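In what follows, chains are A, B, ... by sequence order, proteins preceding strands, each numbered from 1. Quick note: numbers below take in every heavy atom, side chains included, and nothing from hydrogens, waters or symmetry partners. Since the model is a prediction, treat every value here as computed from it, not as a measurement.
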Protein chains: 2
Amino acid sequence: MATIKEIAERAKVSRTTVSRVINNSGYVSEEAKKRVLQVIEETGYIPSENAKSLRTKKTKVIGVILPKISTETSSRLVKGLDHVLAKEGYQILLTNTNLETEKEIEYLRLLKSRHVDGIILSATIINQPLIDEINQLNIPFVTVGQYISGLANVLFDDYQASKDMVNYIVNKGYKQIAFIGVDEKDRSVGYLRKAGYLDAMKENHLLVEDSWVQKGIFDVESGYHCMKQMMDFSKQKPSAVLAVTDRLAIGAMQYIKEAGLSIPADIAVAGMGASELSKFISPALTTLDFSMEEVGREAAGLLLEQINGEIYHEKIKMVKYRLIERSSI
Amino acid sequence: MATIKEIAERAKVSRTTVSRVINNSGYVSEEAKKRVLQVIEETGYIPSENAKSLRTKKTKVIGVILPKISTETSSRLVKGLDHVLAKEGYQILLTNTNLETEKEIEYLRLLKSRHVDGIILSATIINQPLIDEINQLNIPFVTVGQYISGLANVLFDDYQASKDMVNYIVNKGYKQIAFIGVDEKDRSVGYLRKAGYLDAMKENHLLVEDSWVQKGIFDVESGYHCMKQMMDFSKQKPSAVLAVTDRLAIGAMQYIKEAGLSIPADIAVAGMGASELSKFISPALTTLDFSMEEVGREAAGLLLEQINGEIYHEKIKMVKYRLIERSSI
DNA sequence: TATTTTTATGGAATCGATTCCATAAAGAAG
DNA sequence: CTTCTTTATGGAATCGATTCCATAAAAATA
């Protein structure tokens, strides 16, 4: 692998001049420029970004921390990020915590050690050590999906989204509305969506039976299981069920179908997230489209603003969601 | 941001000694070690990977080139890669060509300039310039999904897979079997799967009407459109159709359903790829599971072998596929 | 013609680590 | 009591770029 030194020697100029040619800066005679470009062409020389960034303190790399790498949410987010960042010449360094919270801190440090120009964090559970670590990081930073005070955030209004969906279900004439959520440690998906559901029910003067509120994890089987629990243990059977993710909703649908009931005639189902599945499952699932790709684009935009010198202070960008009416309600 | 020099000064030792402590190498007295660790703790010092790799020529970063970032195939591949690489302390630098072939070469150079320790390429269309570029790269390299001679490859037997599926359909009693493929420039998915289909039909002494062989692109709408073309223009209607991806198959199913026909009674459908959708669509789609995650794991393994000094020569790892029988046939 | 400005170029320091080599004290072996 | 290892430490070169500064020729201006 050729270095700038070799190029300089072969073109009979100094390294300084080669650097000027590469970066199109300073004064270089046409003469010298031609010779240098010639030698670069011949040798297939590619400058070391590594050496460059050691000097310039810029890497053109953005670190992305994901809770799970192989989900629709993550891949849409990354797509949106890449859409904006690639145009500006930034690369994405991916890290995957696999939902292990300690790894978030580990990766934060690792990304710092690699001198990334910025970090995007998609966390699930926010705790104090994590916040402390972020605060002493001093690198352009954007968090998505979960609110962290003092930072740039790209969020959904999970509480209102949940309320909107309940109101929609109510308007469709359902009164016994059940809920499948997740652990409330996940503030956005667990806590806020549940709070939205409960408050909306209260505002509509609808009663909620204990067994109507189930807690699952992020997969189809869990949705199935929650629905079964609900049907097995509830005194009055629900006439509709809202799940905080499409996968949970689809699991619930599976149970309902297996139980010989029809959707939405016997039990209506709503999901959240607008997964691909939701469109093709039968009946097609009514759900909320959160547009993760837009979140990615927005987050990338906020990050670039910080990188380009914007002052570093709390900033919240709310991304709109959209209710997709289909035939499960 | 503290540097090794500051740590050295504060701990009253040389940079050499600090380096020894960090890397646990050479001789360091307990005395000095304690002081250094103390200072590191106090200052929150994180060594610069950048400076380190400039000297050591290792970055612990693997470049991954994907044709599309937000697909099930890609995200499963990355999951498999990450599963193996993260354990060994490697990070993934993602690049996305968005199916623009020229970008493959661009990103190859970019990854080289960043001194990645290895590259994984998931290409769709292989052309000579690309092969030339790869050959002069001289970096540990693995290609997945498409065969490139002389390199480490992780592949499926696309030809045989296609044949197997046709034979399965034939054994189920169908004779008029149609095909929805993609551009043959994509050698694996386009050319080989089509060849497998045609050869299997011939071997079973089955005729193929021209209009039964359609060419689409990689999405649901295209599958719908191909199926419509087929139904509109074929003299004899097919009794079964094999699509080279699940999405195409699902598009075909949509058209069939809309046309008031039933699956599989009127027309049976088979896909390839075992997407999540295939499991939940109705009727559940018979398909081939190619296990992209395993491809990722295998590819990472081959790459690590090369990085750890294995000789660099052609090596082909075939990953098994599995026919998933469901109710669309 | 004298002076300033523009153009062109290279030497050397720098970024933040690793690592070779020299040096010296302490401990073991003869 | 020497001599040879082992242990401990730091100076200085190195990796491959960028960039500040000095220098000088050429061009523009006075």
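Of the residues listed (A/Glu104, A/Glu100, A/Glu106), the one engaging A/Glu102 in a side-chain contact (heavy atoms from CB on, under 4.5 Å) is A/Glu100, and it is the only one.
Separating the CG atom of A/Asn24 from the P atom of D/dA17 is a distance of 17 Å, rounded to the nearest angstrom. As rounded to whole Å, 10 Å separates atom C1' of D/dC15 from atom NE2 of B/His115. Following rounding to the nearest Å, A/Lys33 (NZ) and C/dT9 (C1') show an atom-to-atom distance of 16 Å. Residue A/Glu31 contributes atom CD, which lies 18 Å from atom P of C/dT7 at whole-angstrom precision. Look at CG on B/Leu54: it is 9 Å from P on D/dA17, rounded to the nearest Å. As a whole-Å value, the separation of A/Glu9 CD from C/dG10 P is 12 Å. We find that CD of A/Glu30 is positioned 16 Å from C1' of D/dA26, with the value rounded to whole Å. One can place NZ of B/Lys5 at 15 Å from C1' of D/dG10, the figure rounded to the nearest angstrom.
If you check every strand for non-hydrogen atoms under 4.0 Å, B/Lys57 touches sugar and phosphate atoms only. Residue contacts shown for B/Lys12 are limited to sugar-phosphate atoms, with no base heavy atom under 4.0 Å away.
Under the ring pair (Phe, Tyr, Trp, His ring centres under 6.0 Å) criterion, A/Phe156 pairs with A/Phe290, sequence neighbours left out.
The closest donor-acceptor contact from the side chain of B/Ser74 to the backbone of B/Lys68 lies under 3.5 Å. A donor-acceptor contact shorter than 3.5 Å links the side chain of B/Arg35 to the backbone of B/Ala11. Side-chain atoms of A/Thr56 come within 3.5 Å of backbone N or O of A/Lys52 as a donor-acceptor pair. Checked by atom type and distance alone, the side chain of B/Asp82 never pairs as donor or acceptor with a backbone atom of B/Val78 at under 3.5 Å. Looking only at distances, no side-chain donor or acceptor of B/Thr124 sits under 3.5 Å from a matching main-chain atom of B/Asp186.
Looking at the side chain of B/Thr3, the nearest of the listed nucleotides C/dA17, D/dT9, C/dA8 is C/dA17.
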Using side chain to side chain donor-acceptor pair (under 3.5 Å), reason through B/Gln146 and B/Asn153 one step at a time and then give a plain yes or no.
CA-CA 8 Å; B/Gln146 301 280 351; B/Asn153 291 263; over 6 Å; no
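Looking at B/Val61 and B/Asp117, their side chains never come closer than 4.5 Å, going by heavy atoms from C-beta outward.
Between the two ends of the helix from C/dT1-D/dA30 to C/dG30-D/dC1, each summarised by a five-pair axis, the helix axis turns through 40° (rounded to 10 degrees).
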Contact letters for nucleotides 18-23 of chain C, in which S counts primed atoms plus P, OP1 and OP2 and B counts the base, heavy atoms under 4.0 Å:
BBB---
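Between A/Tyr27 and A/Thr17, the residue whose closest nucleotide on DNA chain C is further toward the 5' end is A/Tyr27.
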